[in-house]
Amino acid sequence: DAGITQSPRHKVTETGTPVTLRCHQTENHRYMYWYRQDPGHGLRLIHYSYGVKDTDKGEVSDGYSVSRSKTEDFLLTLESATSSQTSVYFCAISQNNPDTQYFGPGTRLTVL
Amino acid sequence: DQQVKQNSPSLSVQEGRISILNCDYTNSMFDYFLWYKKYPAEGPTFLISISSIKDKNEDGRFTVFLNKSAKHLSLHIVPSQPGDSAVYFCAASRGGSQGNLIFGKGTKLSVKP
């Protein structure tokens, strides 16, 4: 299995609070991705990174920001969480793009 | 506008029989296709892939077929086992800077003993 961890694995927060999710990899892969999975929607790309400090928006980027200061870490921030951001968030990595992506275990976020 | 469609939300199959999961796509620029399997409370795991220069790829019990003219791919699992019960996602991408994966909504496969 690819060395990808996500933290926290579960989080409950209140509307309007900031939240940061962390993805950490030990594979030295160049590309990192954040997805959200919702019933009836499959996996949707939020943001991705193609190198340190290099990021770009995905399909559903509104309300989210990301940062990548080191190869191994990719952070997803919800500046002011809303109930519509209640979801399961997955991080993924790949060596190239396009290429097979390997996923982390996910973070279940509930915004009350 | 869905570019990758999995029109069957669920599929039930008897153990030992063949499972066929289907996926349609609309973007003729897609040239790389993947299947992922996902168990509850876990991340998706890569299963098998195929590039557009091929029409078939096999890996053990899993075979993916690609029909470019119909913009259709399918995953065959033979024989199906209860441990195959999971949600299966189809994904597609095109080369170059637009190579991000586009996922279908998934098909839940139940293999009954």
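Residue numbers begin at 1 in each chain, while the letters A, B, ... track the order of the sequences. What you see is a predicted model, and the numbers here were worked out from it, not measured in a lab.
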Query raised in the report: Do you know which of G43(B), P44(B), G104(B), A91(B) has the most heavy-atom pairs under 4.5 Å to chain A?
Result: P44(B)

Query raised in the report: Measuring from E59(A):CD to I102(B):CD1, what's the distance to the nearest 0.5 Å?
Result: 6.5 Å

Report summary line: Between the NZ atom in K57(A) and the CG atom in N100(B), the distance rounded to the nearest 0.5 Å is 14.5 Å

Report summary line: Under 4.5 Å to a heavy atom of chain B? For Y50(A) that would be neither

Query raised in the report: What part of R9(A) lies closer than 4.5 angstrom to a heavy atom of chain B: side chain, backbone, both or neither?
Result: side chain

**Report entry** Within 6.0 Å of CZ in R61(B), more than 12 heavy atoms from elsewhere
**Finding:** yes

**Report entry** Minimum heavy-atom distance between R94(B) and P98(A), given as atom pair plus value
**Finding:** O-CG, 3.8 Å

**Report entry** Greater than 12 external heavy atoms within 6.0 Å of K68(B)'s NZ
**Finding:** yes

Report task. Report, by ascending residue number, the residues of residues 34-47 of chain A in heavy-atom contact with chain B at a distance under 4.5 Å; give 'none' if the set is empty. Result -> Y35(A), Q37(A), G40(A), H41(A), G42(A), L43(A), L45(A)

Requested in this report: State, without any angle test, whether Y32(B) and T100(A) hold a side-chain donor-acceptor pair at a distance under 3.5 Å.
Outcome: yes

Query raised in the report: Which residue pairs pass the ring-ring contact (aromatic ring centres under 6.0 Å, His included) test when at least one of the two sits in residues 51-84 of chain B, sequence neighbours left out?
Result: F65(B)-H76(B)

Query raised in the report: Is the number of heavy atoms from other residues, nucleotides or ligands within 6.0 Å of CD (E14(A)) greater than 12?
Result: no

